[in-house]
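Report on the structure given below.
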Amino acid sequence: MPATIYYDNDADLSLLKDKTIAILGYGSQGHAQAQNLKDSGCNVVVGQRPGSPNYDLAVSHGFDPLPIEEATKRGDLVNILLPDEVQGDIYRGQIREHLSPGNILMCSHGFNVHFGQVEAPAGVDTLLVAPKGPGHLVRSEFEKGGGVPSLIALGEGASEETKKLGLAYAKGIGGTRGGVIETTIEEETETDLFGEQVVLCGGVSELVKAAFDTLVDAGYQPEMAYFECLHELKLIVDLFYQGGLNYMRYSVSNTAEYGDYTRGPRIITDETRAEMKKILTEIQNGEFARDWISENRAGAPSFKATRRRNRNHKLEEVGRQLRSLMTWIDVKEV
Ligand code: NDP
Ligand code: MG
């Protein structure tokens with residue numbers, strides 16, 4: 001079934017005229033959504049802890065950041081734009097008791113709502129409005145008169161009026177200029193986690209590392225391995241982005257295309273596909289969420305250790321050196 005998509009004409013910004021929108025967190029999404037809403041004429045208050053560059057940024061954008069509790073009290077719509085792994089604790093400690101019946105509790109990713117870390121009190125509807133792009137793009141496209149396509153989803157039992165307010169909100173951040181796809185919190189959460197685990201972050205990183213290691217172990221120069229297995233990936237992904245797999249195959253040589261058809265299926269095997277299904281099941285049955293929540297409760301020791309180990313991979317060392325030679329790249333070393 002094709003998705004329902006809403007555009008500017010389906011949304012009425014005037015519904016937000018007498019409402020206050022509290023944006024909790026002034027990071028990637030927070031700074032973009034708060035400014036776009038303000039430029040759309042909405043009443044916005046920002047909840048942001050002091051002492052960080054994000055606090056100063058909010059001040060420099062003309063906001064007067066409040067403690068999270070205070071911003072929640074003022075908001076009719078309260079959008080939690082804090083990192084997913086801290087939302088549960090902050091919600092229970094600083095947000096929940098300051099919500100009033102009739103308020104709408106919002107998020108831009110359904111993880112905490114779907115897995116029971118953020119549960120709205122009685123009389124408060126839950127609503128997801130999620131831009132399908134990072135905050136800087138949500139802001140820059142809006143400033144150019146465009147908008148990043150977004151998702152809308154209602155929490156269980158949320159009213160038709162909440163949906164109308166959600167569409168108005170999406171219009172306020174520019175989302176309806178790009179199109180707002182209707183989904184459910186379950187679908188948004190599960191597909192988002194699956195995509196990042198299997199393809200975007202997990203799958204691609206492991207593929208690149210394994211291919212790099214294979215060439216280096218076989219005695220090829222690490223610089224060559226870096227170019228072939230990581231650097232050139234961007235050229236291919238740009239072709240995907242412009243015209244799908246078809247356009248990539250149209251653009252590369254016939255030799256590359258033949259290698260793709262005959263060798264690709266030997267890398268992504270039936271075993272790989274079965275493992276993808278297993279990962280999807282772990283997302284659906286909450287096993288991944290429980291794992292990630294308990295890892296954070298313990299101070300994320302294994303997460304931090306793995307991050308340290310990966311940072312020192314040979315691929316990163318070679319990459320740092322090569323990137324410094326490519327003056328046209330907007331290099332970001334962390
Ligand atoms: P960021 O990490 O960019 O920003 C987090 C904000 O929360 C900062 O203002 C930070 O303030 C504040 N914060 C962090 N920890 C705490 C804490 N312990 N107590 C109080 N405030 C804290 O987050 P994102 O904008 O990336 O993510 C927000 C939400 O948007 C998430 O649900 C995410 O899944 C979703 N989302 C993100 C997208 C993205 O591309 N980034 C895309 C679509 C959805 P401080 O400076 O003080 O640390
Ligand atoms: Mg995502």
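Note that ligands are numbered from 1 as they come in the structure, with each ligand's atoms numbered from 1 the same way.
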Within ligand 1, which atoms have a heavy atom of Tyr26 less than 4.0 Å away? 9 (O)
May I ask you to identify, for Ser28, whether its side chain, its backbone, both or neither come under 4.0 Å of ligand 1 on a heavy-atom basis? both
Could you give me the CA-CA distance, side-chain angles and deciding distance for Lys234 and Val237, then say whether side chain to side chain contact (heavy atoms under 4.5 Å, CB included) is met? CA-CA 5 Å; Lys234 176 173 171 19; Val237 170; 5.8 Å; no
Carboxylate-amine/guanidinium proximity below 4.0 Å for Asp213 and Lys209: no
Any heavy atom of Gln87 under 4.0 Å from ligand 1? The part involved is side chain
When you measure from the centre of the six-membered ring of Tyr6, is the NZ or CZ of Lys163 closer than 6.0 Å and no more than 45° off the axis? no
Just checking, is any N or O donor in the side chain of His114 or Glu188 under 3.5 Å from an acceptor N or O on the other one? no
Geometric N/O contact Ser108 with ligand 1, under 3.5 angstrom: no
Atoms of ligand 1 under 4.0 Å from any heavy atom of Gln48, numbered from 1 in the order shown, are 8 (C), 9 (O), 11 (O), 45 (P), 46 (O), 47 (O)
Nearest heavy-atom contact between Val59 and Pro65 is CG2-CD, 3.7 Å
Options Gln33, His109, Gln94, Gln29, ranked by nearest heavy atom to atom 43 (C) of ligand 1, top entry: Gln29
For Gly133, the ligand 1 atoms whose distance to one of its heavy atoms is below 4.0 Å: 42 (C)
Residue-level breakdown please: for Cys107 versus ligand 1, do any non-hydrogen atoms fall below 4.0 Å on the side chain, on the backbone, on both, or on neither? neither
In terms of relative ring orientation, are His61 and Tyr26 parallel, tilted or perpendicular, with 30° and 60° separating the classes? tilted
Taking the six-membered ring for Trp, are His231 and Phe227 parallel (under 30°), tilted (30 to 60°) or perpendicular (over 60°)? perpendicular
To which of Pro83, Gly51, Gly27 does the heavy atom nearest atom 2 (O) of ligand 1 belong? Pro83
Distance under 6.0 Å and angle within 45° of ring axis: Arg177 vs Phe142: yes
I'd like to check which ligand 1 atoms, numbered from 1 as shown, lie under 4.0 Å from a non-hydrogen atom of Asp84. 31 (C), 32 (O), 33 (C), 34 (O)
Would a 4.5 Å heavy-atom cut-off, applied to side chains only, mark Arg290 and Phe115 as touching? no
Taking the minimum heavy-atom distance to atom 10 (C) of ligand 1, which of Asn54, Val129, Val46 ranks first? Asn54
Of the listed options Leu137, Leu151, Leu81, Ile90, closest to atom 6 (C) of ligand 1 (non-hydrogen atoms): Leu81
Atoms of ligand 1 under 4.0 Å from any heavy atom of Pro134, numbered from 1 in the order shown, are 40 (O)
Give the atoms of ligand 1, by number and element, whose distance to some non-hydrogen atom of Pro131 is under 4.0 Å. 43 (C)
Near Ser52 (heavy-atom distance under 4.0 Å), the atoms of ligand 1 are 45 (P), 46 (O), 47 (O)
Is the count of non-hydrogen atoms from other residues, nucleotides or ligands lying under 6.0 Å from Glu156 atom CD greater than 12? no
